[in-house]
Amino acid sequence: MYNYEDASFSELIVELKSIINGGTSTTTDQGGYKFRASLKMDLSHRANKLIDAIEFKYHLPAAKQKVKVMKDFSCSTSWESKEQGIQTIQTPSTQQPVLPTTEVMVEVQTPTYATALKKGKEIIHKRPNQPTILLYHKELYDDGNQKMEKKGLEHLLREELSCNEVNLSNIKPVRNNGIAITCTKEGDAQAIMDKIVNTESLNKLITARKPKKRHPSIIIYGISDQTTNEEIQDALRHHTGIENDIKLRFKLRGRTEGTSHWVFETPSDEFQKISMIKKLPINWSMHNVREFSISKNARDAKRMAI
């Protein structure tokens, strides 16, 4: 049994955080371990923020320390007043400080975990934005209604535009025989688009656009092949509170024959609601629900896509 009465303020904070962020670990059928948090994600986040605020406000030795130095000209001895927590201890000063007649406050602040984390987020937010544009061929037909042979997009651009006229960060091929051009500044990306629109030889052969913002995705595991999209949408609306249907992106082969994993595109509002649940009941069967990350699952997606 933890002895709370004899514990220091720091020890109490550590113990409280361990309770809030704690949980239980269970062994899965595959021999791995699965962690289940004691509190829901939103409650745990709010509780941790509250503890950080308490620690910053009241735990002065670690978070905030104020030292007052006063000089009394009516006597030959000066005193220092050191504030620590809610106690005030006065000790005689060994040296006469050279200060003006008014009181001087010196404040030393040590950043807490919350302030350091916030500063880190601000740094990430200030990263320069590198705009990207997508270029594709326009479909052209000859007099016999046959598709005309296409030249490479790089070759078409080379005839009218030098890459030295803009600052480029990256060029890579994309689906449907297109290319993605990433520039260092928004003005460079706009200059390329303007050049294509205003140059007749390029405008009739190339279409340029900016990529659409992709929403986050969620994956629902182990869906039976007999389950319909309407049944999944009904289950999501009933158990998560979303109002609109979400778009099915693709399916992956399941581990069990006759099943598949469904990957849906979810706008931010729907994503927040669906992320609150870990399992979804569909046709009297429970299915795990997780966020789907392209970077983490790209290899499996290419290998298992249906």
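Bear in mind that the values here come from a model prediction, so they are computed numbers and not experimental data. Just the heavy atoms: all of them, side chains too, but no hydrogens, waters or symmetry mates, feed the values below.
- Side-chain atoms of Leu156 and His137, non-hydrogen and from C-beta on, do get closer than 4.5 Å to each other.
- Grouping the Ile, Leu, Val, Met, Phe, Trp and Tyr side chains by contacts below 4.5 angstrom, directly or via other members, places Leu280 with Trp262.
- Between Lys273 and Thr240 the shortest heavy-atom distance is CB-O, 3.7 Å.
- Dense packing is recorded around NZ of Lys138, with more than 12 heavy atoms of other residues, nucleotides or ligands lying under 6.0 Å away.
- Hydrophobic clustering, with ILVMFWY side chains joined whenever heavy atoms are under 4.5 angstrom apart, keeps Leu248 apart from Leu252.
- For the pair Asn229 and Asp245, the minimum side-chain heavy-atom distance is 4.5 Å or more.
- Inspection of the Glu159 and Ser201 side chains reveals no N or O donor paired with an N or O acceptor under 3.5 Å.
- A single hydrophobic cluster is not seen to contain both Tyr136 and Leu205; linkage of ILVMFWY side chains at heavy-atom distances under 4.5 Å, directly or through other members, places them apart.
- Between Tyr221 and His287, every side-chain heavy-atom pair lies at or beyond the 4.5 Å cut-off.
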Checking side-chain contact (heavy atoms from CB on, under 4.5 Å) for the pair Leu157/Ile179: CA distance, chi angles, key distance, verdict?
CA-CA 11 Å; Leu157 291 173; Ile179 59 173; 4.2 Å; yes
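- Atom CE of Met193 sits about 9.0 Å away from atom CG of Leu134, to the nearest 0.5 Å.
- Shown here is Lys40, whose NZ atom has no more than 12 heavy atoms of other residues, nucleotides or ligands within 6.0 Å.
- Here Glu186 pairs with Lys210 in a salt bridge; the nearest charged N to carboxylate O distance falls below 4.0 Å.
- Using modelled atom types, one side-chain atom of Asn48 and one backbone atom of Ser44 make a donor-acceptor pair closer than 3.5 Å.
- Using a 4.0 Å cut-off between charged nitrogen and carboxylate oxygen, Arg237 and Asp234 count as a salt-bridge pair.
- In terms of heavy atoms, Ser169 sits closest to Thr184 at CB-CG2, 4.2 Å.
- Remark: Asp225 CG is packed, more than 12 non-hydrogen atoms of other residues, nucleotides or ligands lying under 6.0 Å away.
- Within a 6.0 Å sphere centred on CD of Glu243, other residues, nucleotides and ligands contribute 12 heavy atoms or fewer.
- At least one side-chain heavy atom of Met286 sits less than 4.5 Å from a side-chain heavy atom of Pro281.
- Here Lys278 contributes atom NZ and Met41 contributes atom CE; the two are 6.0 Å apart, rounded to the nearest 0.5 Å.
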Mind running side-chain contact (heavy atoms from CB on, under 4.5 Å) on Lys17 and Asp52 for me, showing each step along the way?
CA-CA 10 Å; Lys17 286 185 176 181; Asp52 287 337; 3.4 Å; yes
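- In this structure, Ile192 and Cys183 have side chains that are in contact, with non-hydrogen atoms separated by less than 4.5 Å.
- Of all the heavy atoms in Leu236 and Ile246, the pair that sits closest is CD1-CD1, 3.5 Å.
- In the model, Thr182 has a side-chain atom that pairs as donor or acceptor with a side-chain atom of Thr132 under 3.5 Å.
- To the nearest 0.5 Å, atom CG of residue Asn21 and atom CD1 of residue Ile51 are 7.5 Å apart.
- Of all non-hydrogen atoms in Ser217 and Phe271, the two that sit nearest each other are O-CE1, 4.0 Å.
- By the 4.5 Å heavy-atom criterion applied to side chains, Ile218 and Phe292 are not counted as neighbours.
- Transitive grouping of hydrophobic side chains (ILVMFWY, heavy atoms separated by less than 4.5 Å) brings Ile133 and Ile206 into a common cluster.
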Given the rule in the side-chain contact (heavy atoms from CB on, under 4.5 Å) test, do Gln272 and Ser275 qualify, once you have shown the distances and angles that lead to the verdict?
CA-CA 5 Å; Gln272 292 296 331; Ser275 298; 5.6 Å; no
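- The two residues Phe264 and Ile220 have their closest heavy-atom pair at CE1-CD1, 3.9 Å.
- Atom NE2 of His215 and atom NZ of Lys247 lie 9.5 Å apart (nearest 0.5 Å).
- In this structure, Ile242 and Thr266 have side chains that are not in contact, with every pair of non-hydrogen atoms separated by 4.5 Å or more.
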In sequence, state the C-alpha distance, the side-chain angles, and the governing distance for Ile282 and Ile232, and then conclude on side-chain contact (heavy atoms from CB on, under 4.5 Å).
CA-CA 7 Å; Ile282 304 173; Ile232 298 177; 4.1 Å; yes
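- For the pair Lys185 and Gln130, the minimum side-chain heavy-atom distance is 4.5 Å or more.
- Leu39 and Ile277 fall into different hydrophobic clusters, where Ile, Leu, Val, Met, Phe, Trp and Tyr are joined by side-chain heavy atoms under 4.5 Å apart, directly or via other members.
- In this structure, Leu16 CG and Glu11 CD are separated by 13.5 Å, a value rounded to the nearest 0.5 Å.
- Scanning all heavy atoms of the two residues, the minimum distance from Leu135 to Leu153 falls at O-CD1, 3.4 Å.
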